[in-house]
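To keep things clear, I will list the structure first and then write my remarks on it.
Read the numbers this way: they start at 1 and go in the same order the structure lists the ligands and their atoms. Remember, predicted model here, so these are calculated numbers, not experimental data.
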Amino acid sequence: MSALVTASPLARRYEAMLVAAFPTQPRLREPESWGLTGGPMNELAWQSRWFAGDFGRDFVTTDGRSVEIIQLGWWNHGAGPDFRDCAVSIDGKVSRGSIELDCEARDWERHGHAENPVYEDVVLHLFIHAPETEWFTRTPSHRQVPQVKIVPPESASPMLPNQPAAKPGRCSGTLAHWSDERITSLLTAAARFRLELKSARWQRIAQAHGWEQAIFQGLAEALGYSRNRLPMTILAQRFPLQQLQKHPREQEAWLFGAAGYLDGFAFDQADAQTRSYLRTLWEVWWKYRAERLPDASRPLPAWQSSGTRPVNHPQRRIAALSAIVSQWSRLRTCLKPAEAFVEKDFRAVLTSLSHPYWDHHYTLTSPPQPQRMALLGGTRITDILANVIYPWLIPEREMLWNSYCLKTAPLDNEKTRRAALRLFGPRTDLAETHTRTIFQQQALLQIYQDFCCCDATDCAACPFPEQLHQWG
Ligand code: SF4
């Protein structure tokens, strides 16, 4: 890793420590690599990351030409190349056409693209894995397509399988003797570093798709926390905010239909209220599906509902996303560039989200509940603020950083408890003092991710304790 990537002196201080700790090995992971908890990344996940701009825009072809992606185009979920209406500059010559992204370069042949005239306009073939021998991508007319082997961002690296168990780490011996002020200076820098990595991600998406879509995607991702991030993100990519806003009467049915919750549902067995609700969704969805097949029916990654609290069922999260679209003009007002951000107003919009059916149902198959259940609870809203809104706003509104640092964390969680145990060991007083606020928890997660998750030596070769000695 050479040039530092963060902007503020605070974040750079932590980043410089990382560079010193891992001089030959880049360690810039995006916080909480999403979409990775269910195993290896599949093609859909790579495409989602590509479309979000996570791979960047500048590349080199396999034969050494420079490539700039001028337009990411639109993501085609049906038959044909993955991304259409793209613009690509190769050695300065701009071509318009499609981009295909495959896991394996040879998938081009395996999937029959070389014989399929729909692929004739492909101007760039991207792949993650290349064969050992030279291999060419050709269209049905035998035109050679430039190839780029894309290198997954560091954030996409799966966690090491041998993550250490939660026991006090070697660094706890040093940190136990630090003053609260010194620990705070370390945690503040780590938290700022983490925030700037998140900021950079939202900025990348905003550059590709506009700031409102970036925030919308961020909200979808946060609603999918933690096990449904990928399907929620892809849903927001497949149905961008602008499209949903243009179709206020259809948008909810599209989201539920594309999520796969309408096809094959046994309406007859549902109660009267559910039948009526589903009928309104289905009447919109089947028409859309009939017009748009096969793209509308391409399945999303599987939803995970086991182990989630009933109020957080993915169906309620989709309902919340739909309600967000309906209230977008209010949210937009809160987030307008160059205007003061009032957190209370933003919270008020999300707290007021309501739906006649989902206010009283956990799922499409559960009986109605007498008490009203909020679509979004306070903890989730805080999570949205910490992971999406403040990272988006702070680079432009530095004054918000101080108020961010004062925000109390609603709860600690298993991950922060584990990180605190590793870093502070038996000093439970330190763990208690330094996990109360959002920035402290974010900092602990970052250090855990940067050091503990990269260590396979039971702390023996981890550079963090030595780096701590350099921290003033
Ligand atoms: S791996 Fe490193 S950072 Fe993690 S507990 Fe051990 S010494 Fe501390």
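- For ligand 1, the atoms sitting less than 4.0 Å from at least one non-hydrogen atom of Phe464 are 3 (S), numbered in the order shown with element in parentheses.
- Between Asn387 and Gln442 the shortest side-chain heavy-atom distance falls below 4.5 Å.
- Residue Cys452 has at least one heavy-atom neighbour below 4.0 Å for each of these atoms of ligand 1: 1 (S), 3 (S), 4 (Fe), 5 (S).
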Take His434 and Asp180 through the test side chain to side chain donor-acceptor pair (under 3.5 Å) and record every step on the way to the result. CA-CA 8 Å; His434 295 286; Asp180 282 337; 3.0 Å; yes
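- Side chains of Thr174 and Trp471 form no contact here, defined as non-hydrogen atoms less than 4.5 Å apart.
- Annotation: Phe239 is not in aromatic contact with Phe216 [ring centroid separation under 6.0 Å not met].
- Residue Phe451 approaches ligand 1 through these ligand atoms, each under 4.0 Å from one of its heavy atoms: 3 (S).
- Taking backbone and side-chain atoms together, Cys459 has an N/O/S atom less than 2.8 Å away from atom 6 (Fe) of ligand 1.
- Using a 4.5 Å heavy-atom cutoff, the side chains of Val311 and Tyr362 are in contact.
- Less than 4.0 angstrom separates some heavy atom of Pro465 from each of these atoms of ligand 1: 7 (S).
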